[in-house]
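Worksheet for the structure shown next.
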Amino acid sequence: MNEEIKQRNRLARHAVVDIYLSGGNGRFYWPNRLEPYHESTPSVRRESHRYIIDSGFGDDGASVEELIDITYERRPDYVIPNDTVRTGSTSMRTAVEETAAKVAEFLDAIDEQSFPATVLVPLQPKHEFHLAYLEEHYPRQANRGHYALGGMRDWSSEAQLNQLEQFREVVGYDAYVHGFGFGSAYEMIRVLRERPALLDSVDFATPVINSKNGEIAGAARKPVYVGPAQGDESATTVAHYILAELCDIARMQSPRLTDGDDLDVDREPFETQLASEESSKSSAPECPEDDDSGPASETATDVSTRSDPPRRPPQSPPPEEVEQETLQLFSE
Amino acid sequence: MNRLTPIVSDDENRSRIASFAPVSVYVRADDPEQYVSDQSGEYWPYRALTISQVRDDRKAAERTVDRTLAFRLVDDRDPGRNFTRELYELADEIGADQVLPIIHTGISRDAIAGPVRWYNGFDFQRQVDLVTPIPAPYGLTSGCVKTALYETHGVTAGIQTKSYPTDFGIRDLRTEADSIEGLDEVISTVRSTISGDARVHLENPTVDGSLIRYIRAYPGRINSLTVSPETVKDTTMEGAGETDSLLSGAGLRDLGGGMDPLVRIAAELSFLSSSLVDDHSLAEAIEASVFVDDQDDNLPSVQTRASQGTLTNLLS
């Protein structure tokens, strides 16, 4: 057990950014974990070294009081206050203004001398615009130097890279920048290997989602259907699926452990298999839900659709739309 | 051996204690084991080495980096030989997570801004966080930090755009602030000039019961600290008695054998400052530890929220 922990610590620290696994299952150790407030569990906290609690968003997110309480209970390293995410029905201006107001409310409520966690300020795209807004109206937030960039989960890797570069050009490289919901895609792994200073940490739930769907992704980073683990104690099997993917992603993110040739795998067969799987997905079987530590039996949940846990809205606007809205705001 | 030995002597327990502690305690010594799988009781997730130590034994440094969760490279070079670029190159080569430069002379805006400017322009191959050094005199230094890093309007030299530094390392503490009152004043001075929840790191402070109580009272004020061989050397020199030692009589005796002394100090400090020890049993726990406890300290009293439980129910 001790040796396994040390090996995982070693793998994780060799990755060019800190990899936080988002999602449950406390049956394995990984040094960096992130959980939404409503899904936070003692077992995941115990089986991690660094821990982030995300309060969630909108009305479904944690209240200020709830987030403070759980911070003292779980002792996370970072907390992310409630925010408003820009979606089809929420304009960028609304998202930025409401998020800034919510973070200000949270900072007003805590005593920074005794509050045991670092607050990551959530920023909406375009993040440099959000930061400029904070500089003007909430300099206390802008000066914190710890930011979590959201709203890019469904963007292409190229669009994510462009956005990260633009933000770093403004904020510089000494700020702590966390990327919400990306870092596991093949293209982004390549990018981060080349540009490690773009981000300090990332979180993603991809291995958790894959395991729920009875899939596992290897070096090609294309999920392959292997069938979900079922029956009692299946959470332990699922934990190993998740861990296998995590370890692989960490190795791929480390130029010290893998070179460019190691990442040059033929991805076409996996894409073919993925397409085939998509066409027959309607008949996908049931698989167990992630476990939280507990006892021996788990409930089966229908997860026939490939979807992220409800931490962030499933549809964030494309970067072109965000760009257009930003220009409109500046022209007003 | 003391009553905390069963708790801190196990590698896995120590890792969890380090995780739950409000401060990350860096041990400034290399890990003597060669392989990740070795279980000698020396494992500690946070370690630091000076640039001299790395140059003296590069293999030991690389081995240590492999066996830690976070590694900090500390500049200890003499004046005139502390070119920042060399420090960053070495940090990048060995895979350090953090780097703490040193500033000897010219405590000025540009002197403080220098490491940050070089850092922003350096092409790191991996993520290396800069811990901006704040040497004594702290009021002057932190004032320079404020003007150089936050208020850059009208600055004609140094950093031209605003910076967002997140980590600050307070140096020279053993000579400039060896009491808890002095330390509190230094931290207050620094925190009053730098921003929000910037992370404050103490380089080689005096470690005793007072510091433990201070950390428990203000878990957000200190983010990490380093314990070094000097911490032990000061307490074990010939003739040192309990009254002029940082450690208790039991501490002097307990550090003599078994675990690595610095790992033991780091583990006990982390354990005692965490919510794993309830307030009502703190005095007894410190008494059982290697540290001297001066309960007459008149620390500012801040009531933290309910502790999350005992070590037993957390680790079970």
Side-chain angles (χ1 to χ4, degrees), chain A residues 1-3 5-7 9-10 12-18 29 31 42 45-46 48-51 68-69 71-75 77 107 110-119 131 135 139-147 170-176 196-201 254-256, chain B residues 10-12 15-16 18-20 22 36-39 43 45 65-71 95 97 116 119-120 122-130 132 149-150 161-167 191 194-199 217-221 223 274-275 302-308 314-315:
Chain A
M1 183 62 177
N2 284 333
E3 184 176 342
I5 287 175
K6 292 170 194 167
Q7 297 285 13
N9 285 345
R10 185 186 182 200
R13 77 176 309 286
H14 273 295
V16 290
V17 297
D18 289 339
Y29 171 86
R45 173 64 185 99
R46 197 166 53 232
S48 62
H49 195 88
R50 299 189 188 98
Y51 188 63
I68 291 173
D69 281 343
T71 301
Y72 280 94
E73 188 180 340
R74 296 272 192 274
R75 299 285 169 163
D77 298 271
L107 292 175
I110 62 173
D111 173 10
E112 294 204 54
Q113 302 296 327
S114 59
F115 194 66
T118 299
V119 179
L131 183 66
E135 288 280 5
R140 182 183 175 198
Q141 287 182 45
N143 284 342
R144 298 184 78 78
H146 291 88
Y147 312 105
V170 172
V171 80
Y173 287 86
D174 46 359
Y176 182 95
L198 284 176
L199 287 167
D200 292 85
S201 59
S254 168
R256 287 169 176 264
Chain B
D10 177 75
D11 277 10
E12 194 172 336
S15 294
R16 286 188 175 141
S19 172
F20 277 89
V36 172
S37 57
D38 285 340
Q39 296 187 36
Y43 184 76
V65 170
D66 262 355
R67 278 173 58 86
T68 55
L69 195 59
F71 178 84
D97 300 281
V116 183
Y119 176 83
N120 275 323
F122 193 87
D123 185 20
F124 285 102
Q125 298 304 303
R126 67 190 308 279
Q127 187 60 254
V128 182
D129 295 330
L130 171 67
T132 304
L149 302 182
Y150 293 115
T161 57
K162 180 173 177 177
S163 289
Y164 297 86
T166 56
D167 297 76
R191 281 210 173 271
I194 60 178
S195 157
D197 61 351
R199 292 181 290 210
Y218 299 105
R221 293 202 104 190
N223 294 83
S274 75
S275 57
V302 174
Q303 187 62 44
T304 56
R305 298 197 177 209
S307 72
Q308 61 192 45
L314 269 168
L315 300 185

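Naming convention: chains lettered A, B, ... in sequence-line order (proteins, then strands); numbering from 1 in each chain.
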| request: Would you give the length of the straight line joining atom CZ of A:R10 to atom OG1 of B:T68, rounded to the nearest 0.5 angstrom? | output: 10.5 Å
| query | Where do A:A175 and B:T166 come nearest, in terms of heavy atoms and distance? | reply | CA-CG2, 4.1 Å
| query | Looking only at heavy atoms, which two atoms of A:A15 and B:R126 are closest? And how far apart? | reply | O-NH2, 4.1 Å
| request: Using a 4.5 Å cut-off on heavy atoms from C-beta on, say whether the side chain of A:R256 contacts that of B:Q125. | output: no
| message | Working to the nearest 0.5 angstrom, can you tell me the gap between B:D97 CG and A:D18 CG? | response | 7.5 Å
| note | On a heavy-atom basis, the closest approach of B:F20 and A:R74 is CE2-O, 4.0 Å
| message | I want to check something: taking the side chain as every heavy atom from C-beta on, are B:Q127 and A:D200 in contact at a cut-off of under 4.5 Å? | response | yes
| field | For B:L69 against A:R50, the heavy-atom pair lying closest together | value | O-NH2, 3.6 Å
| Can you say whether B:Y119 sits under 4.5 Å from chain A via the side chain, the backbone, both, or neither, judging by heavy atoms? | side chain
| query | Tell me, side chain or backbone of A:L107 under 4.5 Å from chain B's heavy atoms, or both, or neither? | reply | neither
| query | Just wondering, do A:R13 and B:V65 contact through their side chains at under 4.5 Å, heavy atoms? | reply | yes
| Using non-hydrogen atoms only, which part of A:Y147 is less than 4.5 Å away from chain B: side chain, backbone, both, or neither? | side chain
| query | Which atoms of A:S254 come close to chain B, meaning under 4.5 Å heavy atom to heavy atom: side chain ones, backbone ones, both, or neither? | reply | neither
| field | Side-chain heavy atoms of B:P45 within contact of A:N9, under 4.5 Å | value | no
| message | Let me confirm one number: the CD1-CZ distance from A:I5 to B:R16, rounded to the nearest 0.5 Å. | response | 6.0 Å
| field | No-hydrogen, no-angle side-chain donor-acceptor test under 3.5 Å, A:R46 and B:S19 | value | no
| said: Under 4.5 Å from any heavy atom of chain B, what part of A:F115 do you find: side chain, backbone, both or neither? | reply: backbone
| said: Less than 4.5 Å to any heavy atom of chain B: does that hold for the side chain of A:I110, its backbone, both, or neither? | reply: neither
| Approximate separation, where rounding is to 0.5 Å, of B:L130 CG and A:Y173 OH | 15.5 Å
